[in-house]
Amino acid sequence: MKSFAVKLAAALVALLAVSAAQAQDYPKRPISMIVPFAAGGTSDVIARVVAEEMAKSLGQPIVIENVAGAGGSTALTRAARAEADGYSIAIGNAGTSAAAYTIYPKLPFTPESFVPIAVVAKTFGIVAIRKDFPAKNLQEFIAYAKKNPGKVNLGHAGIGSSNYLICKSFEHAAGIEVTLVGYRGAAPALTDAIGGQIDGVCDSAASVSQAIDDKLVKGLVVGSTVRLSTLPDLPMSSEAGLPEFEAQGWNGLFAPKGTPPAIIAKLSAAARTAVESEAVKKRFHDLSTVAPDANELAPEVLGQLVTRDVAKYKKLLEEKK
């Protein structure tokens with residue numbers, strides 16, 4: 001027994017030594033960051049902002065790969081099956097990395113298929129409608145939807161996306177029945193709302209705030225406990241008479257299970273440096289997005305968010321079945 005314990009300890013020491021050696025010269029080539037949605041949406045924009053700054057710390061470019069489909073699950077499947085060498089990472093959110101396990105119960109991956117790297121952004125959900133919709137504010141919209149059950153349609157970035165969860169949370173809080181229209185990303189959904197092909201969108205402030213500011217769509221409410229400085233006239237949910245609507249989300253970076261701890265530490269440190277930089281903070285401010293606080297940047301914090309939101313959205317989505 002003692003001999004086995006000695007051998008096990010030696011094996012662990014050797015494993016840590018290999019991990020450290022791998023990290024010492026990592027990265028030696030470009031890193032791929034898999035984004036689960038089409039270009040132009042919230043996850044894509046945040047990924048590009050963070051990747052640009054992380055690349056400066058790591059000394060290698062981070063190449064964005066947009067892999068849309070199945071509310072982000074196509075991309076996460078690819079990420080889970082990638083080599084665990086630090087050269088393939090993914091950006092996820094509460095939809096792709098938590099609610100998906102309820103929406104798609106036969107996924108070829110689980111939360112344990114990934115190693116958390118860091119939370120990189122905190123986001124705020126907004127419901128916006130086409131500019132000629134016959135409602136001037138949230139209460140008028142709810143009244144209209146109640147008189148016309150199922151006839152109002154709201155676009156989102158695909159079943160399982162964080163935007164889909166904004167829609168479901170809003171529908172649940174408002175006590176209305178709307179038709180949800182899925183797209184391959186937030187950008188095409190917003191384009192159709194601007195063009196009047198759909199009545200509105202559930203979206204993150206990062207991708208819809210400019211359209212609201214330009215009066216291309218009408219913002220109804222932000223599911224936040226504070227007003228956004230970039231949209232000071234948009235009421236938060238409690239001011240709009242719907243305090244039950246809460247849509248504050250997150251984006252985080254993940255690596256495939258088995259990625260050496262020393263490489264995770266290096267990626268986490270680069271993510272921390274990126275989101276604490278003035279360049280990212282300014283860009284996030286312009287996108288109505290917030291960088292995590294210093295105490296929210298450890299990998300285990302992201303792991304805790306996933307565990308929390310798996311349970312949270314399981315309850316919400318099963319109640320709506």
Side-chain angles (χ1 to χ4, degrees), residues 27 30-55 57-58 60-82 84 86-100 107 109 111 113-125 157-158 160-165 184-187 203-207 249-257 259 263-264 266-275 280 283-284 287 289-292 296-297 299 301-303 305-306 309:
I31 298 165
S32 172
M33 184 183 290
I34 300 171
V35 177
F37 303 103
T42 302
S43 293
D44 177 71
V45 173
I46 289 172
R48 291 175 190 276
V49 170
V50 173
E52 183 178 352
E53 286 299 312
M54 285 182 66
S57 296
L58 294 168
Q60 288 286 348
I62 297 180
V63 181
I64 301 298
E65 286 191 62
N66 296 95
V67 183
S73 295
T74 301
L76 271 291
T77 298
R78 178 169 170 177
R81 292 173 175 169
Y87 290 100
S88 291
I89 61 176
I91 189 167
N93 56 41
T96 62
S97 302
L107 287 172
F109 58 85
S113 300
F114 303 96
V115 181
I117 297 170
V119 179
V120 293
K122 296 190 288 187
T123 59
F124 305 93
S161 68
S162 60
N163 292 358
Y164 173 76
L165 299 179
R184 292 176 68 83
D203 206 344
S204 168
S207 53
W250 50 267
N251 283 86
L253 299 180
F254 299 87
K257 177 183 177 181
T259 301
I263 288 179
I264 294 295
K266 204 163 189 177
L267 287 166
S268 181
R272 176 184 288 272
T273 299
V275 301
V280 168
R283 187 76 177 102
F284 276 5
L287 292 167
T289 298
V290 176
E296 297 174 313
L297 288 166
V301 173
L302 178 55
L305 284 175
V306 170
D309 284 353

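None of the values given here were measured: they were computed from a predicted structure.
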For Ser162, the side-chain contact (heavy atoms from CB on, under 4.5 Å) test, sequence neighbours excluded, returns Asn93
With a 4.5 Å limit on heavy-atom distance, are the side chains of Pro299 and Val115 in contact? no
What pairs with Asn163 under side-chain hydrogen bond (donor to acceptor under 3.5 Å, both in side chains), at least two apart in sequence or on another chain? Asp203
Nearest-0.5 Å distance that lies between atom CD in Glu53 and atom CZ in Arg272: 16.0 Å
Checking side-chain contact (heavy atoms from CB on, under 4.5 Å) for the pair Leu253/Met54: CA distance, chi angles, key distance, verdict? CA-CA 12 Å; Leu253 299 180; Met54 285 182 66; 3.6 Å; yes
Contact check, side chains of Ile46 and Ser43, non-hydrogen atoms, under 4.5 Å: no
Sequence neighbours excluded, which residues qualify as side-chain contact (heavy atoms from CB on, under 4.5 Å) partners of Val290? Lys122, Phe124
Residue pairs passing the salt bridge (charged side-chain N to carboxylate O under 4.0 Å, His left out) test where at least one lies in residues 38-51, sequence neighbours excluded: Asp44-Arg48
Minimal non-hydrogen separation, Ser161 against Gly158, with atom names: OG-O, 2.7 Å
Qualifying residue for side-chain contact (heavy atoms from CB on, under 4.5 Å) with Phe254, from Thr96, Ile89, Val306: Val306
Suppose we screen for side-chain hydrogen bond (donor to acceptor under 3.5 Å, both in side chains). Which residues come up paired with Lys257, at least two apart in sequence or across chains? none
Side-chain touch Ile64/Asn66, heavy atoms, less than 4.5 angstrom: yes
Checking Leu305 now: which residues fulfil side-chain contact (heavy atoms from CB on, under 4.5 Å) with it, not counting sequence neighbours? Val119, Trp250, Arg308
Can you give me the closest heavy-atom contact between Pro256 and Ala79, atom names plus distance? CG-O, 3.2 Å
Which pair of heavy atoms, one from Ile264 and one from Pro116, lies closest together, and at what distance? CG2-O, 3.8 Å
Taking the side chain as C-beta and beyond, is there a heavy-atom pair between Ser207 and Val45 under 4.5 Å? no
Can you list everything that forms a ring-ring contact (aromatic ring centres under 6.0 Å, His included) with Phe114? Sequence neighbours excluded, please. Phe109
Could you tell me whether the side chain of Ile91 reaches within less than 4.5 Å of the side chain of Pro36, counting heavy atoms only? yes
Residues two or more places apart in sequence or in another chain: which of them pass side-chain hydrogen bond (donor to acceptor under 3.5 Å, both in side chains) with Arg78? Glu65
Nearest-0.5 Å distance that lies between atom CG in Asn251 and atom OG in Ser204: 7.5 Å
Only counting residues at least two apart or in another chain, list the ones meeting side-chain contact (heavy atoms from CB on, under 4.5 Å) with Pro27. Ile31, Leu58, Gln60, Tyr87
So, for Ala51 and Met33, which heavy atoms are closest and what is the spacing to 0.1 Å? CB-CE, 4.0 Å
Listed by chain and number, what are the salt bridge (Lys or Arg N to Asp or Glu O under 4.0 Å) partners of Arg283, not counting sequence neighbours? none
Minimum-distance pair of heavy atoms, taken over all atoms of Gly86 and Ile263: CA-CG2, 3.8 Å
Scanning both residues in full, the closest heavy-atom pair of Leu302 with Ala118 reads CD2-O, 3.6 Å
